[in-house]
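Report on one structure; see the data block that follows.
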There are 2 protein chains.
Amino acid sequence: MAGIKQVQRQTGVALWRQIADRIREAISSGVYDQTGMVPPETVLALQFGVNRHTVRSALAALAQEGIVRAVQGRGTLIERKERLNFPISRRTRFTDGLRDQARETHALLLGHAEEAADAEVARWLRVEQGTPVIRLETVRDADKRPVARGTSWFPAARFAGIGEIYRKTESITKAFAALGLSDYVRATTEITAAHADSGDIADLELTPGAVLLITKAMNTDLEGVPVQYSISRFAADRVQFTIEN
Amino acid sequence: MAGIKQVQRQTGVALWRQIADRIREAISSGVYDQTGMVPPETVLALQFGVNRHTVRSALAALAQEGIVRAVQGRGTLIERKERLNFPISRRTRFTDGLRDQARETHALLLGHAEEAADAEVARWLRVEQGTPVIRLETVRDADKRPVARGTSWFPAARFAGIGEIYRKTESITKAFAALGLSDYVRATTEITAAHADSGDIADLELTPGAVLLITKAMNTDLEGVPVQYSISRFAADRVQFTIEN
DNA sequence: TACGGTTGTCTATATCAATAGACATTTTCG
DNA sequence: CGAAAATGTCTATTGATATAGACAACCGTA
């Protein structure tokens with residue numbers, strides 16, 4: 001079902017990049033699990049109907065990403081292939097959801113600021129436009145590999161100082177708890193996909209043209225009052241979402 | 001927040017394509033709604049820090065997609081900007097979910113076949129590997145515009161002839177009803193994202209490098225017995241998913 | 001009607017992407 | 001060891017991509 005077929009000539013995206021995407025996808029879906037390595041360059045060139053040099057460019061890009069490692073005389077070994085799963089439900093929590101899948105997770109606070117809610121944030125948090133809100137910019141890692149970058153907004157009146165608490169605890173759940181909110185639930189999640197921009201490429205260690213999964217999510221307290229609105233940008237080749245109904 | 005910034009030089013993806021992606025995204029998020037048109041080529045060139053000819057290539061690609069239309073002497077008008085919303089819940093139904101968003105929806109059956117369940121299909125439908133299943137290949141349109149292509153599998157013993165019924169009714173819900181299943185629910189949905197392959201580009205009228213949202217979904221009857229497993233590939237710039245908890 | 005602002009077209013040049021072929025270097029295995 | 005198989009490196013050629021500049025054609029409006 002996941003067989004690799006010939007690429008068709010396409011303008012605008014370099015052939016080597018298209019091929020790199022195909023191979024990355026094949027690795028991630030376990031096509032080469034038996035051998036633990038990618039087929040020889042000459043074989044790939046034949047499969048894709050391109051020159052061996054073009055395949056080499058693709059493999060060089062994947063090596064740069066740390067997905068494969070070429071060894072002269074032996075072949076090209078697969079270094080990484082896992083895809084993290086994020087269950088999306090009423091009890092969605094970022095770090096908890098990863099507990100069984102990664103040895104080590106980190107949340108880095110890039111910055112935080114207090115500002116006035118714009119129309120979008122006001123709508124999601126159900127406050128007046130212009131109401132003071134706190135914005136947090138974060139990047140989350142799993143096993144030293146960046147997984148998502150996000151921007152979150154909180155009502156400033158209720159969650160004063162959440163930035164510094166988050167920096168120390170590296171957890172929204174813990175930060176909420178420290179501010180007197182012991183429990184919260186995921187109310188709404190919107191999911192889209194897009195290309196990575198230059199900020200994504202930098203923060204998530206992606207390569208140009210990479211694909212992102214983007215969520216816009218709103219959490220409420222147990223009374224249904226919005227406590228957090230966040231936009232998260234996930235590296236699509238490292239994650240999948242699961243919704244259980 | 002959605003301001004367009006300079007593009008950074010990236011290898012592997014042509015500049016004009018990166019810029020086309022940015023402009024498409026800006027249009028879809030309503031940045032130019034006030035004027036109904038894209039800024040002049042010279043302004044865009046300045047914003048992105050590229051030559052005007054490069055912007056023209058990008059706009060030509062968007063015109064090809066039917067998203068904008070250039071008029072000499074006036075400017076470049078926006079033709080389309082909507083993004084269809086698909087609510088994902090226990091009651092997820094493809095066509096019903098679109099009723100308020102599109103004037104006209106169609107489901108085209110590309111083909112159907114009876115085959116033996118492979119490991120993946122068997123796991124999702126909870127049957128023995130090798131069990132006969134019916135496979136349907138479909139493309140769905142909204143207002144003459146292709147939105148998703150999909151492959152669905154059904155247990156053959158229970159849903160014999162579902163292919164022909166689907167071709168006539170253009171609805172899974174109706175086909176199930178005709179075969180004695182009056183109601184069903186969405187049990188699980190997995191969401192990933194990836195680049196479009198050549199089949200996607202053809203069936204969904206996409207351009208190379210386009211982004212897809214991919215769902216793997218399983219429906220059950222009211223007793224929890226799997227009745228359908230499907231993989232759907234959505235044009236990411238035309239849809240978003242919403243999960244309400 | 002004349003003008004400013006906008007898209008359309010043309011020429012020229014430099015760099016990147018892709019193909020092609022040849023050969024070196026390294027590992028594995030009989 | 002020696003051959004086969006794999007990756008690494010080099011040269012050369014062609015077409016696509018991007019920049020630069022100049023000017024034509026067209027639209028709206030003062």
Side-chain angles (χ1 to χ4, degrees), chain A residues 6-23 27 32 34-79 198 207-209, chain B residues 6-23 27 32 34-64 66-79 195 198 207-209:
Chain A
Q6 268 206 232
V7 286
Q8 70 175 20
R9 203 69 28 110
Q10 303 172 338
T11 61
V13 183
L15 250 185
W16 62 262
R17 176 160 294 289
Q18 300 176 45
I19 288 169
D21 292 339
R22 298 280 212 95
I23 297 174
I27 289 172
Y32 307 130
Q34 296 199 332
T35 58
M37 51 198 296
V38 166
E41 295 168 351
T42 48
V43 174
L44 288 172
L46 206 63
Q47 280 181 2
F48 288 118
V50 300
N51 193 275
R52 179 177 155 236
H53 294 297
T54 308
V55 170
R56 282 179 61 73
S57 298
L59 291 175
L62 295 177
Q64 182 65 31
E65 295 176 41
I67 293 176
V68 300
R69 179 169 50 92
V71 179
Q72 188 171 158
R74 285 184 63 191
T76 304
L77 285 60
I78 294 169
E79 297 273 80
S198 56
T207 53
Chain B
Q6 268 205 236
V7 285
Q8 68 174 20
R9 204 65 32 106
Q10 302 172 340
T11 60
V13 184
L15 250 186
W16 63 261
R17 175 160 295 288
Q18 300 175 46
I19 288 169
D21 292 338
R22 297 284 210 93
I23 297 174
I27 289 173
Y32 307 130
Q34 297 199 331
T35 59
M37 50 197 296
V38 167
E41 294 169 351
T42 49
V43 173
L44 288 172
L46 206 64
Q47 280 183 3
F48 289 118
V50 302
N51 192 275
R52 179 176 154 235
H53 294 298
T54 309
V55 170
R56 282 179 61 73
S57 299
L59 291 176
L62 295 177
Q64 182 66 31
I67 293 175
V68 300
R69 177 169 52 92
V71 179
Q72 188 171 136
R74 286 182 61 191
T76 304
L77 285 59
I78 295 169
E79 297 272 79
H195 286 117
S198 55
T207 51

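All figures in this text were calculated on a predicted structure; none of them were measured in a lab. Per chain, numbering begins at 1; letters A, B, ... match sequence-line order.
Using a 4.0 Å cut-off, some side-chain N or O of B:Thr54 falls inside it from OP1 or OP2 of D:dT19. Contact check, B:Arg74 against C:dG5: no side-chain N or O comes under 4.0 Å of OP1 or OP2.
Two residues are said to be in side-chain contact when any heavy atoms from C-beta on lie closer than 4.5 Å; B:Leu44 and B:Gln47 meet this criterion.
In this structure, A:Arg52 atom CZ and D:dA5 atom C1' are separated by 11 Å, rounded to whole Å. B:Met37 has its CE atom 14 Å from the P atom of C:dG5, to the nearest Å. Rounded to an integer number of Å, the gap from B:Glu41 CD to C:dG5 P is 16 Å. To the nearest angstrom, C1' of D:dA18 lies 16 Å from CZ of B:Phe48. The distance from atom CZ of A:Arg17 to atom P of C:dA18 is 10 Å, rounded to the nearest whole Å. Protein atom CD of B:Gln72 is 15 Å distant from nucleotide atom C1' of C:dG4, rounded to whole Å. In this structure, B:Leu15 places its CG atom 12 Å from P of C:dC16, rounding to the nearest Å. At whole-Å resolution of the value, CD1 in A:Ile19 and P in C:dA18 are 8 Å apart.
When atom types are taken as modelled, the side chain of B:Gln18 and the backbone of B:Val13 share a donor-acceptor pair closer than 3.5 angstrom.
Residue B:His53 has its side chain nearest to D:dG21 when only D:dG21, C:dG8, C:dA17 are considered. Checking C:dT9, C:dT19, C:dT26 against every side-chain atom of A:Val50, the shortest atom distance belongs to C:dT19. Listed candidates were D:dA6, D:dT19, C:dT9. Nearest to the side chain of A:Pro40 is D:dA6. The side chain of B:Asn51 lies closest to D:dT19, out of D:dT17, C:dA18, D:dT19. With C:dT9, D:dT7, C:dA17 as the candidates, the nucleotide lying closest to the side chain of A:Thr76 is D:dT7. Of the candidate nucleotides D:dA25, D:dT17, D:dG8, D:dG8 has the atom lying nearest to any side-chain atom of A:Arg56. The side chain of B:Trp16 lies closest to D:dA18, out of C:dG8, D:dA18, D:dT7.
For the atom pair CZ of B:Arg69 and CZ of B:Arg74, the computed distance is 7.5 Å after rounding to the nearest 0.5 Å. Note that CD of A:Glu41 is 10.5 Å distant from CG of A:Asn51, once rounded to the nearest 0.5 Å. Interatomic distance, A:Thr35 OG1 to A:Ile78 CD1, rounded to the nearest 0.5 Å: 6.0 Å.
As judged by a 4.0 angstrom heavy-atom cut-off over every strand, B:Thr42 is placed among residues making no nucleic acid contact.
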